[in-house]
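Down below is the structure, laid out as structure tokens.
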Amino acid sequence: MKYPIGIQSFEKIRLDEYAYVDKTALVYQLANTGSYYFLSRPRRFGKSLLISTLEAYFNGQRELFKGLAIEKLEQDWTKYPILHLDLNTGKYDEKQSLTDVESFKDNPIAVIYQSGYLTIKGYEEEFDIYRLGFPNKEVAEGFINYLIPYYMPVKDNESVYFISNFIADVRTGNPDQFMKRLATMFSDTDYKIVGNAELYFQNAFFIVMRMLGFYTKVERPTSESRMDMVIETKDYVYIVEFKLNAAPEKALKQIEEKGYAKPFAMDSRKLYRIGVNFSLEKRCIDGWIID
């Protein structure tokens with residue numbers, strides 16, 4: 001049995017006798033009911049193959065559907081003129097062609113939602129606010145991995161070694177070693193920092209922790225303020241406060257004064273408070289203090 005891994009052409013799958021899960025009854029239903037359809041599934045969910053199947057169907061290629069459910073459902077096999085637009089083949093090398101793409105930068109969430117990477121997770125009727133989230137763990141991990149090259153110098157062949165070291169540090173309660181690794185990593189990324197440097201480092205830190213698989217919350221609210229970041233493992237809780245061009249002691253003092261540790265007062269896990277300073281001049285982690 002041959003599996004059509006990476007093959008998006010229905011015709012190729014059928015002619016080359018690849019394994020095919022018969023969904024053509026649904027294709028028939030789709031084509032003969034309703035009006036317009038918007039397919040908002042994430043990458044690798046079979047959108048291109050479905051479009052290819054529809055193209056073969058509307059092209060009247062009955063021979064490709066031999067033995068499939070639709071062969072008995074469809075009686076006419078009318079051939080229609082087809083206009084197939086493939087956005088993957090577009091050339092965006094001219095200023096005018098980049099206009100639409102450039103406009104996405106002001107509202108990327110809308111684009112991410114329309115592409116299927118985000119789905120509606122909840123709705124607050126009182127304020128007419130929708131809460132978005134990743135549809136599944138695979139998409140969430142894929143999105144995080146996509147962002148990694150923009151925040152840190154990690155090559156694909158080094159990722160396993162890179163991740164395992166960080167995981168070992170956090171799981172065993174060794175925040176100082178973890179911060180040393182992080183500082184070394186950020187020392188190679190200063191040229192990428194644009195805009196809000198503090199936000200850049202905070203995002204990068206969050207991506208690292210999500211990549212490692214730990215429970216991480218950014219800007220977690222408390223009764224008095226908001227914590228920059230909380231990282232939780234089976235045995236440890238890490239409260240992290242970030243500062244830009246300020247002594248890490250100031251960040252640690254804020255953790256104490258704002259009572260960030262109060263929600264974990266009855267928690268049996270060991271708690272670490274970490275104050276981190278990012279230097280805009282040096283464009284790296286300039287210091288940290290752990291309590």
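What you see is a predicted model, and the numbers here were worked out from it, not measured in a lab. Any value given below was found using the heavy atoms of this structure, including those in side chains, with hydrogens, waters and symmetry copies removed.
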Legend entry - Note: E232-R269 ion pair, threshold 4.0 Å (strictly below): yes

Inset, instruction - Scan side-chain atoms only and decide if K47 and Q8 contain a donor-acceptor pair under the 3.5 Å cut-off. - result: no

Legend entry - Minimum heavy-atom distance F278-V276, with the two atoms named: CE2-CG1, 3.8 Å

Legend entry - Trace of the salt bridge (Lys or Arg N to Asp or Glu O under 4.0 Å) decision for R273 with E256: CA-CA 9 Å; R273 303 166 181 83; E256 293 296 332; 3.0 Å; yes

Legend entry - Interatomic spacing from OG1 in T53 to CD1 in I70 - rounded to 0.5 Å: 9.0 Å

Legend entry - Test item: T33 side-chain N/O and Q29 main-chain N/O as donor-acceptor pair under 3.5 Å: yes

Inset, instruction - Quick one: pull up CE in M179 and CD1 in I285 and give me the separation to the nearest 0.5 Å. - result: 4.0 Å

Inset, instruction - Rounded to the nearest 0.5 Å, what's the gap from CD1 on I167 to CZ on F178? Could you check? - result: 10.5 Å

Legend entry - Separation of I289 CD1 from K253 NZ (nearest 0.5 Å): 12.5 Å

Legend entry - N-O pairing of R181 and D169 below 4.0 Å: yes

Legend entry - N277 side chain vs A246 backbone, donor-acceptor pair below 3.5 Å: yes

Legend entry - N59 side chain vs E55 backbone, donor-acceptor pair below 3.5 Å: no

Inset, instruction - May I ask you to test the Y20-L68 pair for a side-chain heavy-atom distance under 4.5 Å? - result: yes

Inset, instruction - Examine K270 relative to Y236 and say whether NZ or CZ is less than 6.0 Å from the centre of the six-membered ring and inside a 45° cone about the ring axis. - result: no

Inset, instruction - List the atom of G275, the atom of A251, and the distance in Å for their closest heavy-atom pair. - result: CA-CB, 3.6 Å

Inset, instruction - Step through the shown structure and confirm whether more than 12 heavy atoms of other residues, nucleotides or ligands are within 6.0 Å of NZ on K250. - result: no

Legend entry - Straight-line distance of F264 CZ to I239 CD1, nearest 0.5 Å: 5.5 Å

Inset, instruction - Evaluate the side-chain contact (heavy atoms from CB on, under 4.5 Å) criterion for residues M229 and I231: first the C-alpha distance (whole Å), next the side-chain angles of each, then the deciding distance (0.1 Å), finally the verdict. - result: CA-CA 7 Å; M229 183 172 294; I231 304 160; 4.1 Å; yes

Legend entry - Non-hydrogen atoms of L49 and S9 that approach each other most closely: CD1-C, 4.1 Å

Inset, instruction - Say whether L26 and Y37 are linked into one hydrophobic cluster, either directly or through other cluster members, by side-chain heavy-atom distances under 4.5 angstrom. - result: no

Inset, instruction - Consider only side-chain heavy atoms of I, L, V, M, F, W and Y, link residues closer than 4.5 Å, and tell whether Y3 and V21 are in one cluster. - result: no

Inset, instruction - State yes or no: are the ring centers of F10 and Y18 separated by less than 6.0 Å? - result: no

Inset, instruction - Dump the intermediate steps for side-chain contact (heavy atoms from CB on, under 4.5 Å) on K2 and D16, then the final yes or no. - result: CA-CA 9 Å; K2 297 191 299 183; D16 292 351; 4.2 Å; yes

Legend entry - Salt-bridge present (E63, R14; N to O < 4.0 Å): no

Legend entry - Distance-only side-chain donor-acceptor flag, E124 / Y130, under 3.5 Å: no

Inset, instruction - Identify the two heavy atoms, one from G67 and one from E71, that lie closest to each other, and give their separation to 0.1 Å. - result: N-OE1, 2.8 Å

Legend entry - Y238 (side chain) donor-acceptor with L271 (main chain) under 3.5 angstrom: no

Legend entry - Heavy-atom closest contact (D267 atom, V237 atom, distance): OD2-CG2, 4.4 Å

Legend entry - CG on D228 to CD on Q254, rounded to 0.5 Å: 7.0 Å

Legend entry - Test side-chain contact (heavy atoms from CB on, under 4.5 Å) applied to W288 and D176, step by step: CA-CA 9 Å; W288 64 88; D176 189 60; 3.0 Å; yes

Inset, instruction - Report yes or no: do D22 and T24 form a side-chain donor-acceptor pair below 3.5 Å? - result: yes

Legend entry - Chi angles and distances behind the side-chain contact (heavy atoms from CB on, under 4.5 Å) call for L252, E249: CA-CA 5 Å; L252 199 64; E249 287 82 2; 5.5 Å; no

Legend entry - Main-chain N/O of W77 paired with Y57 side-chain donor or acceptor, under 3.5 Å: no

Legend entry - Linked, directly or transitively: L54 and L15 (ILVMFWY side chains, under 4.5 Å): yes

Legend entry - Q61 side chain vs F58 backbone, donor-acceptor pair below 3.5 Å: no

Legend entry - Over all atoms of both residues, closest heavy-atom pair of P175 and I274: CB-CD1, 3.9 Å

